[in-house]
Protein chains: 2
Amino acid sequence: MSRTVTIRDIAQHCGLSIATVSRVVNNKGAVRAETVARVEAAVSALGYRPSMAARALKTASSMTLGVIIPSLTNPVFAETAAGLQQRSRTLGYTPLILSSDYDDALELSAVETLLAYQVDGVLLTVNDAARSAALQRLDEAGVPYCLMHNVPREQITAHVGVDNFCAAAEVAERILAAGHRCIGMISGEFVRTDRARDRHAGFLSGLHQAGVQLAQLVQVDPVNATGLAQALAAIYNQPGAQPTAWFCSNDLLALATIAQLEQLGRRVPDDVSLVGFDGIQAGALRMPALTSVRTPNLEIGSTAVDTLMAQRHLSALDTGCQLSYQLVAGGTLTLLTDSPVQPLSER
Amino acid sequence: MSRTVTIRDIAQHCGLSIATVSRVVNNKGAVRAETVARVEAAVSALGYRPSMAARALKTASSMTLGVIIPSLTNPVFAETAAGLQQRSRTLGYTPLILSSDYDDALELSAVETLLAYQVDGVLLTVNDAARSAALQRLDEAGVPYCLMHNVPREQITAHVGVDNFCAAAEVAERILAAGHRCIGMISGEFVRTDRARDRHAGFLSGLHQAGVQLAQLVQVDPVNATGLAQALAAIYNQPGAQPTAWFCSNDLLALATIAQLEQLGRRVPDDVSLVGFDGIQAGALRMPALTSVRTPNLEIGSTAVDTLMAQRHLSALDTGCQLSYQLVAGGTLTLLTDSPVQPLSER
DNA sequence: CTGTTAGCGCGTTCAT
DNA sequence: ATGAACGCGCTAACAG
């Protein structure tokens with residue numbers, strides 16, 4: 001357990017002052033070439049690394065970026081984290097990644113933790129941007145931040161994500177175009193995330209454009225899909241509307257739904273069609289591939305870093321950007337052939 | 001952008017010295033109850049948070065744990081990260097998560113970064129524990145660490161993971177028991193990870209116990225499975241051994257393999273059987289479920305934290321522990337029925 | 001019980 | 001081109 005080597009050690013080693021060493025380490029101020037070489041030699045010989053703690057204390061910048069995501073095990077956020085990690089590395093920043101488990105209290109305490117670590121900015125996806133204590137605290141502390149995946153309709157906060165409303169509306173069009181008229185939606189609880197709400201609203205809007213009502217709505221816990229099995233069993237084992245097509249507000253839910261449906265003896269897509277949201281790899285790899293809305297998760301992460309940096313350096317109040325999504329056809333949405341396709345009403 | 005509130009601010013606010021404030025904040029030393037209350041009131045009123053940077057400087061402990069994993073988008077490591085994150089949170093530590101992208105150079109530079117941030121310990125899964133410059137650097141710096149997933153056979157480093165060799169050998173037994181005799185393996189490149197090597201060696205060992213040779217070995221890039229498609233196409237479109245069963249050294253690879261096989265007109269498990277390794281959710285959700293070796297990823301993360309703490313506090317040289325794995329049956333390994341099952345040779 | 005003081009390692013004036 | 005000295009915010013050791 002060797003004591004950590006400090007700037008003083010290498011100054012002594014070179015017979016120089018710590019000021020000079022600091023200059024060459026930070027490449028600031030004029031230093032004689034020969035001196036630079038001597039210092040650099042000592043640095044690599046002794047294995048010196050400037051202490052970020054001391055630096056943070058002195059410069060009021062820790063070169064870290066706080067990150068809060070709902071869950072690391074959701075591929076969507078894992079990809080986003082990977083994207084932002086890669087981008088921030090190229091900029092010399094180190095991300096401090098915390099997860100909130102879709103919990104408002106944890107979300108807030110994560111912000112407190114990040115504040116304590118004096119992060120230079122925060123990249124986060126909150127449960128609900130409209131009522132987030134975390135964002136309030138960030139505003140209060142004056143720490144710049146950029147939302148990821150949340151795209152608030154009202155506030156003018158920096159954000160990068162996809163237009164969930166429009167995408168969901170497009171999904172509705174696709175499902176209708178395939179001839180389905182008895183359509184259901186499976187979603188995370190609206191009280192939890194704004195994305196679930198936006199996707200629901202967009203989907204409804206898309207249906208209503210065609211004069212179609214949503215036949216079933218199932219809401220489940222977003223972390224472990226509690227209640228999915230019972231809800232589906234009830235729908236397919238009891239009288240009532242039995243959708244021929246479902247829209248799931250995310251791919252994890254879609255995959256779980258498929259498994260449940262098969263359990264109930266309904267095959268996807270032969271008996272029932274299904275569309276997801278996110279475009280995660282697991283959905284693309286299955287056969288037939290999951291029909292879904294692919295969101296550019298990696299890019300959302302990297303763009304969020306850039307947006308944050310723009311905010312910091314140019315002090316521009318960038319209201320954020322919407323990235324484009326892509327409907328991937330997959331094979332889980334098929335034409336409804338059992339009954340003749342009813343023509344859509346006027347649109 | 002309000003200036004950050006320091007210990008001095010709240011001392012002034014209370015008409016006390018900073019020492020007293022520090023005492024109540026850290027709950028150390030005797031302080032009058034009334035004073036405690038006054039300080040606490042001021043703390044929450046002004047929104048004070050002790051600066052971790054200053055603390056780290058003073059106490060030589062940053063209350064952070066460095067984490068290095070190959071990739072955030074691999075569910076195995078994402079789960080591990082989630083497990084360790086949760087556990088370290090309960091202990092008051094904040095994890096600093098970096099990924100190496102299976103790259104030795106990035107692995108080392110990640111260690112340097114963590115050292116600069118003065119982490120109190122490091123949890124990492126390294127490409128190859130036997131030749132890791134990262135581990136050397138950690139030893140040199142005297143920073144305690146615990147390996148995750150790597151289980152080195154020679155060194156006496158702390159580690160937590162699963163016995164890849166034995167698990168792979170068991171997979172071989174299962175495949176043989178199902179009657180298969182023409183068996184292939186698909187793996188990440190051996191030069192890259194020790195896990196791939198251990199699983200290969202274990203699988204070979206299991207086959208050899210029964211006097212069976214490995215019919216095909218396909219090695220692909222671990223990050224994007226480059227070369228998988230071509231290799232499989234070559235095998236199934238040209239004369240030569242065409243395995244009736246494959247062992248894939250991880251589930252991501254297994255899923256990709258299934259997709260490729262279907263592309264080639266071979267159905268899993270009707271035409272060819274397949275076993276994976278890891279037990280990721282995406283494999284469990286598909287139908288039929290992927291037969292695999294489930295590793296306790298979450299637990300590997302949390303146990304690694306505990307192992308590290310034991311090392312730090314008890315200064316015990318804990319050589320690490322092997323957690324148990326579990327063969328999950330799934331449905332992608334089926335009895336070979338086309339040809340009569342050949343009896344296994346003596347074992 | 002409370003206050004004073006000395007650094008932790010570093011970047012940054014201001015001298016030289 | 002280089003050095004001396006101060007202080008970032010905090011904890012710990014010592015006084016009172």
Side-chain angles (χ1 to χ4, degrees), chain A residues 2-40 42-43 46-64 92 112-113 115-120 141, chain B residues 2-40 42-43 46-64 92 112 114-120 141:
Chain A
S2 54
R3 200 184 56 78
T4 166
V5 28
T6 81
I7 198 174
R8 217 158 344 236
D9 294 321
I10 90 116
Q12 199 149 17
H13 184 90
C14 295
L16 292 166
S17 74
I18 63 169
T20 303
V21 176
S22 175
R23 275 189 273 263
V24 359
V25 167
N26 296 313
N27 205 20
K28 264 182 193 164
V31 183
R32 194 152 45 107
E34 191 261 339
T35 309
V36 171
R38 231 169 66 212
V39 170
E40 281 174 346
V43 163
L46 305 195
Y48 166 72
R49 289 260 120 187
S51 154
M52 294 308 286
R55 259 192 192 169
L57 204 53
K58 189 64 196 168
T59 65
S61 162
S62 60
M63 293 306 278
T64 58
E112 294 292 358
T113 301
L115 255 25
Y117 280 99
Q118 216 173 120
V119 295
D120 294 338
Chain B
S2 56
R3 201 185 56 78
T4 166
V5 27
T6 80
I7 198 175
R8 212 145 0 221
D9 294 321
I10 91 115
Q12 199 151 16
H13 185 90
C14 295
L16 291 166
S17 74
I18 61 171
T20 303
V21 176
S22 175
R23 275 189 274 264
V24 359
V25 167
N26 295 316
N27 204 19
K28 264 181 194 165
V31 184
R32 192 149 47 105
E34 191 261 340
T35 309
V36 170
R38 230 169 64 214
V39 170
E40 281 173 347
V43 163
L46 303 194
Y48 166 73
R49 290 260 119 189
S51 155
M52 293 308 285
R55 262 192 188 169
L57 204 53
K58 184 65 195 171
T59 66
S61 164
S62 61
M63 293 305 280
T64 58
E112 294 291 357
L114 295 179
L115 255 24
Y117 280 100
Q118 216 173 123
V119 295
D120 294 338

Student: I'd like to know if the side chain of B:Arg38 reaches the main chain of B:Cys14, judged simply by a donor and an acceptor atom lying under 3.5 Å from each other, with no hydrogens or angles considered.
Tutor: yes
Student: Could I get the full list of side-chain hydrogen bond (donor to acceptor under 3.5 Å, both in side chains) partners for A:Thr113, not counting sequence neighbours?
Tutor: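 With sequence neighbours excluded, A:Thr113 shows a side-chain hydrogen bond (donor to acceptor under 3.5 Å, both in side chains) to no residue whatsoever.
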Student: Under 3.5 Å, side chain of B:Ser22 to main-chain N/O of B:Ile18, donor-acceptor pair present?
Tutor: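 Here the side-chain-to-backbone pair does not exist.
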Student: How many Å lie between CG on B:Leu115 and C1' on C:dG9, as a whole number?
Tutor: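 Distance, rounded to whole Å: 15 Å.
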Student: If every non-hydrogen atom of A:Thr64 is compared with every non-hydrogen atom of A:Gln118, which pair is closest and at what distance?
Tutor: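 So the minimum-distance heavy-atom pair works out to OG1-O, 4.4 Å.
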Student: If every non-hydrogen atom of B:Met52 is compared with every non-hydrogen atom of B:Ser62, which pair is closest and at what distance?
Tutor: CE-O, 3.6 Å
Student: B:Arg23 and B:Gly29: which non-hydrogen atoms are nearest, and at how many Å?
Tutor: CD-CA, 4.3 Å
Student: Might you point out which heavy atoms bring A:Ser61 and A:Asp120 nearest each other, and give the distance in Å?
Tutor: OG-OD2, 2.8 Å
Student: When you check every protein heavy atom under 4.0 Å of nucleotides 4-16 of chain D, what one-letter string (B, S, -) results, 5' to 3'?
Tutor: B--BBBBBB----
Student: Shortest non-hydrogen contact from A:Val5 to A:Tyr48?
Tutor: O-CD1, 3.3 Å
Student: Bend across the helix from C:dC1-D:dG16 to C:dT16-D:dA1, to 10°, with axes taken over 5 pairs at each end?
Tutor: 40°
